[in-house]
Protein chains: 2
Amino acid sequence: MRAGETAASEDPKERILSAAGEVFAERGFEAATVRDICLAAGVNVAAVNYYFGDKQKLYNETVRQAHQRLVAQVPLSPWPEGTPARAKLRDFIGNVLERMLGFGRPRWQTRLMLREVLQPTDACRDLVEDYILPQFQLLISILGDLADGHLEEPQLRQVAMSIIGQMFIYRAAGDVVGMLLPADEMQSLHTPVPLADHITHYALAALGLASPLTSSEPRA
Amino acid sequence: MRAGETAASEDPKERILSAAGEVFAERGFEAATVRDICLAAGVNVAAVNYYFGDKQKLYNETVRQAHQRLVAQVPLSPWPEGTPARAKLRDFIGNVLERMLGFGRPRWQTRLMLREVLQPTDACRDLVEDYILPQFQLLISILGDLADGHLEEPQLRQVAMSIIGQMFIYRAAGDVVGMLLPADEMQSLHTPVPLADHITHYALAALGLASPLTSSEPRA
DNA sequence: AACTGATTGAAACGCGCGTTTGAAATGGGC
DNA sequence: GCCCATTTCAAACGCGCGTTTCAATCAGTT
């Protein structure tokens, strides 16, 4: 009866992982129930223990898989040689924002990662080493190119953290951000593309590589 | 027998609220148990229901009280007239960071607020209106003074959100930040005072009101 | 068709949770 | 000293959770 299903996968293990991703991301480990996950996956409650052992192991596996898929679908250095550093910066920021806030890809993957960042469990160390740290180092290297020897590593890291913070708040505290801003502005200025422009310009101006935000001259 | 207790309050209602604050902040609403809270408060399990009705009402009351205490102890405009805007900016950033990251005051108060920001419940709307929005508007007005008419309100709000994001990440994702930075640097450069200097300078430089981060000239 | 190991299913188990109970303890007013 | 409202306490209740059970079903082999 493989014509009966609409969009569900054949393999029950896959279906459970996918449903678990959504439920864990939405409600967190504690509040998510095995029964809800199994209902969403269309399998019996016993299936979780049959395939994964227990709820904790299912969670670990869900995080591991979500994290590996994220790593796989994010190329680390997509630029042809000779690309100007400021173009790389703009691209980097745009990509991260698109991944964090955009509507491509299932939302629950990054939401699950966010939960780990906000309140790390055992699964977090791998996530940082495989996914976050490489991106952080890429940003540092771009900033190093931009500063051209005028900034020490510690200062580069400070600037990098500033840039990440500016993106992070929209993902982590989006609801409250929405309460602080006019609704129309939220949709026009605080979405991936204009935000990427702003954060990039803000950084370049602070580094003396673009005109200050207060002037209307073209960028240096 | 008021000499008998060491640091515990007399009033059981107070003791429950205080214990609940710590436990809710540490583990979240779902994972926190009424039994743990009562054990920490040194009262019987029935006391929660006797004084507050149920767990949910206790949580609401805990958030409400933590939020009101925060509001009460944060003066909104502590500057004498004529204080330069850039000094106000440095003060504002320093104060927020000190409140978020510093070791004065019980940690659980801001941690509870953070939980509300990350995943708002009913208690969040009041928190935003009474506590966060006024601070946000104060920051906007400081930035307005600094920009001196060269920036429109929407741009001011973008810059304000950038500044808040730079502080917020340290509070919300401190664990992961610690994994990305050398341990000694975390303690020397990413603590309230040096961070406030950095974020202030970053903003002023971006606004063209201080020398770029890449130069070693004194600030303009 | 019969056997066999892997998978599914409905029902139940034990446990810890929030909550309730009803009696015991407490303490101020007469 | 007694009364009565308030507060405390140990014990229990009902429920939903993660987990287990074991019989039913399925799929591949002979």
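A note on names: the letters A, B, ... follow the listed sequences, proteins ahead of strands, and every chain is numbered from 1. Not measured: the values here are computed from a predicted model.
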*Axial cation check for A/Phe24 ring with A/Lys55, 6.0 Å and 45° limits*: no

*For B/Pro134, all residues meeting side chain to side chain contact (heavy atoms under 4.5 Å, CB included), sequence neighbours excluded*: B/Leu76

*asked:* I'd like to check B/Glu185 versus A/Glu153 (side-chain heavy atoms, cut-off strictly below 4.5 Å). Are they in contact?
replied: no

List, one per line, each side-chain donor-acceptor pair under 3.5 Å for residues 35-49 of chain B, sequence neighbours excluded.
residue	atom	partner	partner atom	Å
B/Asp36	OD2	B/Arg27	NH2	2.4
B/Asp36	OD2	B/Thr33	OG1	3.3
B/Asn44	OD1	B/Ala46	N	3.0
B/Asn49	ND2	B/Gly53	O	3.2

*asked:* Within residues 34-45 of chain B, which residues have any heavy atom lying less than 4.0 Å from an atom of DNA chain C?
replied: B/Val34, B/Arg35

_Does anything in residues 49-66 of chain A come within less than 4.0 Å of DNA chain C? Heavy atoms only, and list the residues if so._
A/Tyr50, A/Tyr51

*So what does the secondary structure string of DNA chain C come out as, 5' to 3', with Watson-Crick or wobble pairs under 3.5 angstrom, [ ] for crossing and | for pairs with another strand?*
|||||||||||||||||||||||||||..|

_The criterion is side-chain hydrogen bond (donor to acceptor under 3.5 Å, both in side chains); which residues satisfy it with B/Thr121, sequence neighbours excluded?_
B/Glu116

_Residues in side-chain hydrogen bond (donor to acceptor under 3.5 Å, both in side chains) contact with B/Arg64, at least two apart in sequence or another chain_ = B/Glu61

May I have the list of side-chain donor-acceptor pairs in residues 160-168 of chain B shorter than 3.5 Å, sequence neighbours left out?
residue	atom	partner	partner atom	Å
B/Ser162	OG	A/Gln166	OE1	2.9
B/Ser162	OG	A/His198	NE2	2.8
B/Ser162	OG	B/Gln158	O	3.3
B/Gln166	OE1	A/Ser162	OG	2.9
B/Gln166	NE2	B/Ser162	O	3.3

*Partners of B/Pro194 by side chain to side chain contact (heavy atoms under 4.5 Å, CB included), sequence neighbours excluded?*
B/Thr191

*If a pair satisfies salt bridge (Lys or Arg N to Asp or Glu O under 4.0 Å) and one of its residues is in residues 131-143 of chain A, list it, with sequence neighbours excluded.*
none

_Reading DNA chain C from 5' to 3', where do the contacts with chain A start and stop? Cut-off is 4.0 Å to heavy atoms._
C/dA6 to C/dA12

*Which pairs count as ring-ring contact (aromatic ring centres under 6.0 Å, His included) when at least one residue sits in residues 96-141 of chain A, sequence neighbours excluded?*
none

